[in-house]
Amino acid sequence: MRVFVAGDSTAASYPAALAPQAGWGQALPLFLDVPVVNEAVPGASARSSVERLGMFQRIMDALAPGDLLLVCFGHNDGKHDQGRFAAPYGGYQDFLRRYLDGARARGATPVLVTSVERRLCGPEGTHGDHPGAMRALAEAEGVPLADLQAASLRRWRELGPEAAKELFLWLGPHPNYPEGSADDTHFTARGAVEAARLLVEAAGGLLPRAAGEPDPGQVEWAPAEPVWSVDARTGERRGRYGSTSPIEVGVACRRAEELLPRLEEAGPAGRAALLEAMAGALDERAGALAAAADAETALGTARLAGEITRTSGQLRLFAEVLREGSFLDARIDTADGTRPDLRRMNVPLGVTGVFSAGNFPFAFSVGGGDTASALAAGCPVVVKAHPLHPETSELTLAALREGARRAGFPAEVVQLVHGHEAGIALVRDARVKAVGFTGSIPGGRFLHDLAKSRPDPIPFYGELGSLNPLVVTPGAAARRAEEIAEGLVASVALGAGQFCVKPGLVLAPSGGGLVEAMARHVAALGPQVLLGDGIRERFEAGAADREAVAGLRVVATGQAGGGRRVAARLLAGPVSLLETSELLVEECFGPMAVVLTYDDEDELLHALAATPGNLTATLHCEPEEEKPAARITAVMRERAGRLVFDGYPTGVAVGWAQQHGGPYPATTEPASTSVGAASILRFLRPVVYQNCPRHLLPEALRDGNPWRLPRRVNGVLTPL
């Protein structure tokens, strides 16, 4: 026999990082001499446990004859959010009946358990009609009932409000709760044991009691799995960080949701001050941040210092965006007798999940562009740290939180989680309304599909992979092959070839001398340290696979370093190889480029059209090649979001006009950008106020334009 628990946060089991919080399901094993399988999830209702959380199915898949199932919902069933509401004598009973029918069909015994009461519960309790509806269902279905609501109501009233505080999560400053806690719903270990005791007593002889008297000190919290900070150059472990459990992710998302009104009430000016304070805190800590990131990524302190400057600059750019105001896209059509008064503006989308990138530990990570643009839009952020730089992530978070405090905001406007399971839980959490991601195609596609398969699908702004083709025309090769080769190899090798805009495929004219010129520069490259073991292994495997392609030859190899260092590669072959190998249109992350040579313009255009969606496409041509350049540019535009001319795609300027996105697989949302002022639009949605009373209008839409915004009134753009 096993005892299964279906329930909410009052029954859930909590990890060590949230101790001393505990649920009665976590304490229940102390009272029983049979195993307890606790599937309770914070925030669950009877409805969401079936429709959204997968709890019902997990339990049904595991139940066996002779098991006992405790079904306890009621805390969240009256809430009109996140798909949790169900009328007491309607949907609530229907979803409970699903558990009853499922358990009985599997030979298990279901027991209905009314919800435990809150500390301040009054004479009638705090769960409305839901306990009564459960009691009525138990009688109608002939199933056992453990009336925990009635038992806890009596017990808390006996103790009185002050004495009962010792059972609930009322804490002063604590390592896991630095600002303390005043929680009338959730328990400490002592409270969880007391609630479990009340349940066992209410269940009578249904539950097999264990011998002995339970001790709150025996409650167990799940330890966090380690995430290690690793020295990228030596492989030595530098520090340990705990993975974030799904329950902790839920707590973070709930706190983020609570802060939505605070960010919106601050208005553009208040959020601008927040971003500037965060930028200042990053700049103040630049030395320590760069040192930690260099140890974890081997990208070099000089490059990382520049990246920190770029990151603080992004935050300041969005402060400018907020003060300028056009991001709100305020539009007003006044009533004219044939149409109503319509006033439209953008509003925050909601809590935003952000996945850090491995190759940019600042600009595309905890304090990077996704976080900056989401905060600017008014969306609290929960960041999934990249496993390659957990220490850098924590230090960056500390800087952002210091900036938030200076600006008068709660520190939790940005929160951080660690671990693979935490990332999945973040995408699944119903409070998260959008996700920003920078990473691999397999990882990004998995999370994209997860986001789109939710009961309420959400936008997933993923930057996944990009080949970034670079075209050299015959005229450009004839006049400046050496110059192009030098700049091109520098671009390929920048950051050990770990830039998302690295030109990985070069299309060059046969016999133009570019391959030979590039080979000389590649041969001079020193050994490269990649970000981590997995990236190095994938690079070596990818290089070996391409070297095995018939007709593709290795024309140059950089200096070998051995150990954890890799040598750069330059491969070349005819453009006809695109007809036989799909590898050549796939990104290989690291210091390698493939040059494919063409004989005529049609062959070039055919090859360029065979490339997938890209972040960038680059053209080197001469003025007299105007006609072929126009044809090439037209194909490039179909394949990329940024077109570069007579330059190199590495180095993404942050400004008002930048576009960092492109057709799939470069990004999952080609109409968006993850860099530049327009990236704020990802985390906004439009709302129209029709014939709205003037006192209910947001300030951005009120007559007189109190915020001095650029607005379009009756089709005419009005200046400030």
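From a predicted model like this one, the values you see are computed outputs, not experimental measurements.
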So with a 6.0 Å cut-off around [atom1] of [X], is the heavy-atom count from everything else above 12?
X      : atom1 : result
Arg454 : CZ    : yes
Arg52  : CZ    : yes
Glu158 : CD    : yes
Glu201 : CD    : yes
Glu225 : CD    : no
Glu179 : CD    : no

Between [Y] and [X], is the closest basic N to carboxylate O distance under 4.0 Å?
X      : Y      : answer
Asp81  : Arg431 : no
Arg197 : Glu194 : yes
Arg255 : Glu258 : yes

Query raised in the report: Could you give all pairs that pass the ring pair (Phe, Tyr, Trp, His ring centres under 6.0 Å) test and reach residues 368-398, with sequence neighbours left out?
Result: His386-His389
Requested in this report: List the steps and the verdict of side chain to side chain contact (heavy atoms under 4.5 Å, CB included) for Val143 and Leu112.
Outcome: CA-CA 7 Å; Val143 299; Leu112 292 174; 3.9 Å; yes
Got a sec, which residues hit salt bridge (charged side-chain N to carboxylate O under 4.0 Å, His left out) with [X], two or more places apart in sequence or on another chain?
X      : value
Glu166 : Arg190
Arg119 : Asp184
Asp101 : Arg104

Report summary line: Applied to residues 17-44, the salt bridge (Lys or Arg N to Asp or Glu O under 4.0 Å) test, sequence neighbours excluded, yields Glu39-Arg58
**Report entry** Pairs touching residues 397-410 that satisfy salt bridge (Lys or Arg N to Asp or Glu O under 4.0 Å), sequence neighbours left out
**Finding:** Glu284-Arg406, Glu402-Arg405, Glu402-Arg406
Query raised in the report: Testing Leu63, Val111, Val37 for side chain to side chain contact (heavy atoms under 4.5 Å, CB included) with Leu69, which one passes?
Result: Leu63
Which label fits [X] and [Y]: parallel for a plane angle under 30°, tilted from 30 to 60°, or perpendicular past 60°?
X      : Y      : value
Tyr99  : Phe56  : perpendicular
Phe187 : Phe168 : tilted
Phe446 : His420 : parallel

Query raised in the report: Between Arg285 and Leu395, is a side chain to side chain contact (heavy atoms under 4.5 Å, CB included) present by the stated rule, with each step listed?
Result: CA-CA 9 Å; Arg285 305 180 186 202; Leu395 292 174; over 6 Å; no
Using a distance-only test with no angle check, is there a side-chain donor-acceptor pair under 3.5 angstrom linking [X] and [Y]?
X      : Y      : value
Ser45  : Ser48  : yes
Arg135 : Thr114 : no
Thr126 : Arg118 : yes
His130 : Gln149 : no
Asp8   : Thr10  : yes

Taking all non-hydrogen atoms of both residues, which atom of [X] and which atom of [Y] are closest, and how far apart?
X      : Y      : answer
Leu199 : Leu148 : N-CD1, 3.8 Å
Leu206 : Pro208 : O-CD, 3.8 Å
Ala210 : Leu30  : CB-O, 4.4 Å

Query raised in the report: Given the rule in the side chain to side chain contact (heavy atoms under 4.5 Å, CB included) test, do Phe360 and Thr438 qualify, once you have shown the distances and angles that lead to the verdict?
Result: CA-CA 10 Å; Phe360 281 88; Thr438 301; over 6 Å; no
Query raised in the report: What do you reckon, are the aromatic ring centroids of Phe460 and Phe437 less than 6.0 Å apart?
Result: yes
